[in-house]
A.B. asks: 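I have a structure I would like to understand better, so I am pasting it below and will then ask my questions one at a time.
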Amino acid sequence: MPANTSLDPDIAARLKRDEHGLVCAVVQQHDTGEVLMVGWMDDEALHRTLTTGRATYWSRSRQEYWRKGDTSGHTQHVRSVALDCDGDAVLVRVHQVGAACHTGTRTCFEAGGDLGAVVGEQA
């Protein structure tokens, strides 16, 4: 993974990366709140996401950057990016065009399916 990045140093200083230099990116449809997928970003992927208007991730399996939709046409147009309180995850709100999941479903959580958790009662 390249070490050089153009990420704003003030933003970079706030990130808590894992042992591979990555932060978790939770991706959400901006207008409905629907959680679409989870990806991983290093500093450069976050920089590209913040400055191009398109979501870019680091592929752990291919060891390369990928901009969502470049091969599938299922693009993610960035609406906002927020850092969580611990600095180890970002929330990327997007306008999703087409399926978010590589399986062809709208979200990656449709493809994985419900695990049948017991629903807790409200106090």
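All residue numbers refer to positions in the sequence shown, counting from 1. Computation of the quantities below employed the complete heavy-atom set of this structure, encompassing side-chain atoms and omitting hydrogens, waters and symmetry-equivalent molecules.
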A.B. asks: Output the distance between atom CG (L91) and atom OG (S80), rounded to the nearest 0.5 Å.
C.D. replies: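 The CG atom of L91 sits 6.5 Å away from the OG atom of S80.
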
A.B. asks: Looking at side-chain heavy atoms only, is the closest gap between Y57 and Y65 below 4.5 Å?
C.D. replies: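 With C-beta onward as the side chain, the pair stays apart.
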
A.B. asks: Under a 4.5 Å cut-off applied to non-hydrogen side-chain atoms, are R14 and I11 in contact?
C.D. replies: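 A side-chain contact is absent here, since even the closest heavy-atom pair is not under 4.5 Å.
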
A.B. asks: Rounded to the nearest 0.5 Å, how far apart are NE2 of H95 and CD of Q29?
C.D. replies: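 Taking NE2 in H95 and CD in Q29, the distance rounds to 6.5 Å.
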
A.B. asks: State whether the side chain of T75 and the backbone N or O of V97 hold a donor-acceptor pair below 3.5 Å, judged by distance alone.
C.D. replies: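 Here the side-chain-to-backbone pair does not exist.
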
A.B. asks: Check whether K68 reaches the backbone of A100 with its side chain - one donor and one acceptor, N or O, closer than 3.5 Å.
C.D. replies: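 Between the backbone of A100 and the side chain of K68 there is a qualifying donor-acceptor contact (under 3.5 Å).
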
A.B. asks: Could you go step by step and tell me if R106 and E34 meet the side-chain contact (heavy atoms from CB on, under 4.5 Å) rule?
C.D. replies: CA-CA 10 Å; R106 170 84 178 148; E34 177 181 35; 3.1 Å; yes

A.B. asks: Does some side-chain heavy atom of R48 sit less than 4.5 Å from a side-chain heavy atom of M41?
C.D. replies: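 Not touching, per the 4.5 Å side-chain cut-off.
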
A.B. asks: Following the transitive rule for hydrophobic clusters with a side-chain heavy-atom cut-off under 4.5 Å over Ile, Leu, Val, Met, Phe, Trp and Tyr, establish whether V90 and W66 coincide in one cluster.
C.D. replies: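 As far as the 4.5 Å side-chain criterion goes, W66 and V90 are connected within one cluster.
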
A.B. asks: Would L36 end up clustered with V78 when hydrophobic side chains under 4.5 Å apart are linked, directly or stepwise?
C.D. replies: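 Looking at the clustering, V78 is in the same group as L36.
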
A.B. asks: In sequence, state the C-alpha distance, the side-chain angles, and the governing distance for V38 and C108, and then conclude on side-chain contact (heavy atoms from CB on, under 4.5 Å).
C.D. replies: CA-CA 8 Å; V38 172; C108 292; over 6 Å; no

A.B. asks: Report yes or no: does H74 contribute a side-chain atom to a donor-acceptor pair with the main-chain N or O of A99 at less than 3.5 Å?
C.D. replies: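 Present.
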
A.B. asks: Any sub-3.5 Å donor-acceptor pair from T105's side-chain atoms to C101's backbone N or O?
C.D. replies: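 A pair under 3.5 Å: no.
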
A.B. asks: Could you tell me whether the side chains of R67 and Q76 share a donor-acceptor contact shorter than 3.5 Å?
C.D. replies: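 R67 vs Q76: no donor-acceptor pair found between side chains.
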
A.B. asks: Please examine the side chains of M37 and V27, heavy atoms only from C-beta on, and report whether any two atoms are closer than 4.5 Å.
C.D. replies: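 SC-SC contact between V27 and M37 confirmed.
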
A.B. asks: For D70, is there an ion pair with R54 - N to carboxylate O distance below 4.0 angstrom?
C.D. replies: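 Yes, R54 and D70 are salt-bridged.
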
A.B. asks: Taking C-beta and beyond as the side chain, do H30 and H77 meet within less than 4.5 Å on heavy atoms?
C.D. replies: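 Answer no - side chains too far apart.
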
A.B. asks: Compare all side-chain heavy atoms of V81 with those of R93 and state whether any distance is below 4.5 angstrom.
C.D. replies: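 No - every pair of side-chain heavy atoms lies 4.5 Å or more apart.
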
A.B. asks: Would a distance-only check, ignoring hydrogens and angles, find a side-chain to backbone donor-acceptor pair under 3.5 Å from D42 to L22?
C.D. replies: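 Between the backbone of L22 and the side chain of D42 there is no qualifying donor-acceptor contact (under 3.5 Å).
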
A.B. asks: Is V23 reachable from V94 through a run of hydrophobic residues whose side-chain heavy atoms are each under 4.5 Å from the next?
C.D. replies: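 The answer is yes; both residues are in one hydrophobic cluster.
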
A.B. asks: Begin from the C-alpha positions of W58 and Q63 and carry the test side-chain contact (heavy atoms from CB on, under 4.5 Å) through to its verdict.
C.D. replies: CA-CA 7 Å; W58 176 256; Q63 294 290 295; 3.8 Å; yes

A.B. asks: Are D31 and R79 ion-paired here, with the side-chain N under 4.0 Å from a carboxylate O?
C.D. replies: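 Salt bridge absent between D31 and R79.
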
A.B. asks: Taking all non-hydrogen atoms of both residues into account, name the closest pair between L83 and A89 and its distance.
C.D. replies: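 Minimum heavy-atom separation between L83 and A89: CD1-O, 3.5 Å.
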
A.B. asks: Give every donor-acceptor pair under 3.5 Å between a side-chain atom in residues 110-123 and any protein atom, sequence neighbours left out.
C.D. replies:
from	atom 1	to	atom 2	distance (Å)
E110	OE2	T107	N	3.3
D114	OD1	G116	N	2.5

A.B. asks: Flag the pair F109 / V35 as yes when at least one side-chain heavy-atom distance between them is below 4.5 Å, and no otherwise.
C.D. replies: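 When only atoms from C-beta onward are counted, V35 and F109 do touch, with a gap below 4.5 Å.
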
A.B. asks: Starting at CG of D8, measure out to CG of L50 and round the result to the nearest 0.5 Å.
C.D. replies: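 One gets 9.0 Å once the value is rounded to the nearest 0.5 Å.
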
A.B. asks: So do L46 and L15 actually touch side chain to side chain, heavy atoms under 4.5 Å?
C.D. replies: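 L15 vs L46: side chains touch.
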
